[in-house]
Structures are given as structure tokens and as C-alpha cells.
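Before any comments, here is the structure.
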Amino acid sequence: MPSTQIIPLSYYQQNDTLTLAKDLIGRRLFTCINGKITGGTIVETEAYIGPLDKASHAIDGRRTKRTEILFKSGGRAYAYLIYGLYTLFNVTTGKKDKPECILIRAIKPETGIETMKERRFGNYNSTKKVISDGPGRLTQALAIDKSMYGLPLNSEVLWIEEGIDLSSQIVATPRVGIDYAEEFADKKWRFVVPVPGT
DNA sequence: GCGGCGATCCACT
DNA sequence: GTGGATCGCCGCC
């Protein structure tokens with residue numbers, strides 16, 4: 001359905017990843033699975049800047065089957081399983097051989113809300129719970145899983161549109177769940193817009 | 001309201 | 001064999 005609003009892959013390959021992590025706030029992420037379009041506005045991101053970043057899977061240039069996609073040019077999906085339960089969704093960034101990416105941690109649900117509720121809670125009674133606030137919840141709501149590993153972000157099933165400017169509301173904080181990353185645990189590489197109802 | 005913990009997979013040591 | 005870029009539930013304050 002998309003059209004001119006889709007962000008071209010070249011966008012992800014320029015600038016630096018910290019700038020892009022902030023710039024992605026306010027843009028709109030969509031999936032189309034089995035004919036059902038779901039999506040919303042990105043309100044929380046985190047930057048992972050390998051090989052220096054001790055929180056990155058590509059620390060020290062670590063290159064494995066899992067991280068391989070990070071070494072290609074930016075604009076693709078890096079989806080992987082964590083804790084044996086949840087899929088986390090990242091956008092790869094930068095040029096070839098620059099293993100950088102941005103974790104998408106939350107969206108404000110806007111399109112296909114009923115479908116997202118079904119995926120998260122089943123067919124009943126879900127009024128109190130958040131839909132896509134948190135990286136594991138987000139992938140469940142949008143039905144993103146490891147099969148999307150490597151998909152370009154302008155594809156028929158997964159894409160990002162231009163969205164709106166929320167830059168004045170962005171707060172920078174330390175990233176979540178990476179206490180082990182020593183000096184990198186304190187870097188304010190998480191960007192979030194405080195919004196209710198995600 | 002908040003802290004602790006179990007669930008459950010797989011890439012990497 | 002280990003431990004994680006998490007979540008939701010349960011128990012207690």
C-alpha cells in the first residue's frame with residue numbers, strides 16, 4: 001500500500017547510527033502477514049555500535065552466522081531469539097563491514113490494533129495490558145520472528161514509513177539490560193518518547 | 001506497587 | 001554447558 005512514504009534503504013546506510021536511532025523515533029513501522037497490516041509509530045530505540053560497543057553482538061568484530069547480517073550494508077532486519085522465548089527486532093545500519101544496528105523497543109500502536117491484541121492476548125479481554133511497549137511484546141504484536149532475518153526494510157511484509165517529527169520530545173537514557181557491558185553500560189544510547197498507551 | 005523467579009532456545013565457549 | 005538487548009505472574013509490603 002505503500003508508496004512514496006517508504007524510506008529507501010540508502011537512508012539506513014548514511015549518517016551515523018546514533019543520529020539514526022534518534023531519527024527513527026516518530027517513523028512508522030509496519031508488517032503485513034497473511035494480508036493483515038499492523039504497525040505504529042516508533043517511540044523507543046537503542047543504538048548498538050560494534051565492534052567497540054561491549055553490549056553489541058558484534059563486539060570485537062565477532063562474525064558468526066547470527067551476526068553476519070550486521071556486516072552487510074544497512075537497511076535490513078536483524079531478528080533473533082532471546083531467553084528462549086522472545087524475538088528482538090533490530091534495524092541494521094551503516095556501510096558494509098560496519099556492524100551497527102538499532103534495536104526497536106516500542107511502538108505506539110495505530111494500524112491493525114485488533115490483530116495485534118489477538119496476537120498478544122488471544123481473542124478476549126485485554127483492555128488493561130500494553131500491546132507493544134517492550135522489544136519482546138513489539139515483535140509478538142507485529143508477528144516478527146527469526147524468519148524475517150535479513151529482510152530488507154522496504155519489502156512487502158516489513159517496511160518503515162516517514163512518519164512525524166517527535167524530535168523535541170526525545171529523552172536519552174542508558175540502555176536496558178546490559179549491565180555487563182562495563183563502560184558502555186552507561187552510554188545514553190537509548191532514545192524514548194514518553195507516551196501512554198503503547 | 002515492587003521484587004524475585006521461572007520459562008525455554010540456541011549461538012557460542 | 002552456559003547465559004542472555006525479556007516478560008508476566010506470584011507473593012509480600
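Per chain, numbering begins at 1; letters A, B, ... match sequence-line order. All values below come from the heavy atoms of this structure, side chains included, with hydrogens, waters and symmetry mates left out. Being a predicted model, the structure only gives us computed values, none of them experimental.
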| task | Decide if atom NZ of A:Lys98 counts as having more than 12 heavy atoms of other residues, nucleotides or ligands within a radius under 6.0 Å. | result | no
Scan [X] against the nucleic acid and name what it touches under 4.0 Å (heavy atoms): base, sugar-phosphate only, or nothing.
X	result
A:Arg190	nothing
A:Leu103	base
A:Gly84	base

Take atom [atom1] of [X] and atom [atom2] of [N], then tell me their distance rounded to the nearest Å.
X	N	atom1	atom2	value
A:Arg175	C:dT6	CZ	P	12 Å
A:Ile49	C:dA5	CD1	C1'	14 Å
A:Arg120	C:dC7	CZ	C1'	8 Å
A:Arg66	B:dT13	CZ	C1'	13 Å
A:Glu46	C:dT6	CD	C1'	12 Å
A:Gln140	B:dA7	CD	P	19 Å
A:Arg62	C:dA5	CZ	P	11 Å
A:Leu88	B:dC10	CG	C1'	14 Å

- Item | Donor-acceptor pair under 3.5 Å, A:His57 side chain vs B:dA11 base | no
Check your understanding: Does A:Thr139 use its side chain to pair, donor to acceptor, with the backbone of A:Thr87 at less than 3.5 Å?
Key -> yes
Just checking, any donor-acceptor pair under 3.5 angstrom between side chains of A:Thr92 and A:Arg76?
-> no
So, is A:Tyr86 close to the C:dT6 phosphate, meaning a side-chain N or O under 4.0 Å from OP1 or OP2? no
Starting the side chain at C-beta, find the nucleotide from [options] nearest to [X].
X	options	value
A:Arg137	C:dC7, C:dA5, B:dC10	C:dC7
A:Leu85	B:dT13, C:dT6, B:dA7	B:dA7
A:Tyr180	C:dG4, B:dC10, C:dT6	C:dG4

Item to complete: Report yes if the ring of A:Tyr48 lies under 5.5 Å from the six-membered base ring of C:dA5 with planes under 30°, and no otherwise.
Response: yes
Practice problem: Please tell me if the side chains of A:Glu162 and A:Ile7 come closer than 4.5 Å, counting only heavy atoms from C-beta onward. | Solution: yes
pair_partner(C:dC7), Watson-Crick or wobble, both distances < 3.5 Å, evaluates to B:dG6
Distance col, row A:Thr31:OG1 vs A:Leu142:CG, nearest 0.5 angstrom, shows 4.5 Å
- [ ] With C1' as the reference atom in both, quote the distance from B:dC10 to C:dG8 in angstrom, rounded to an integer.
- [x] 22 Å
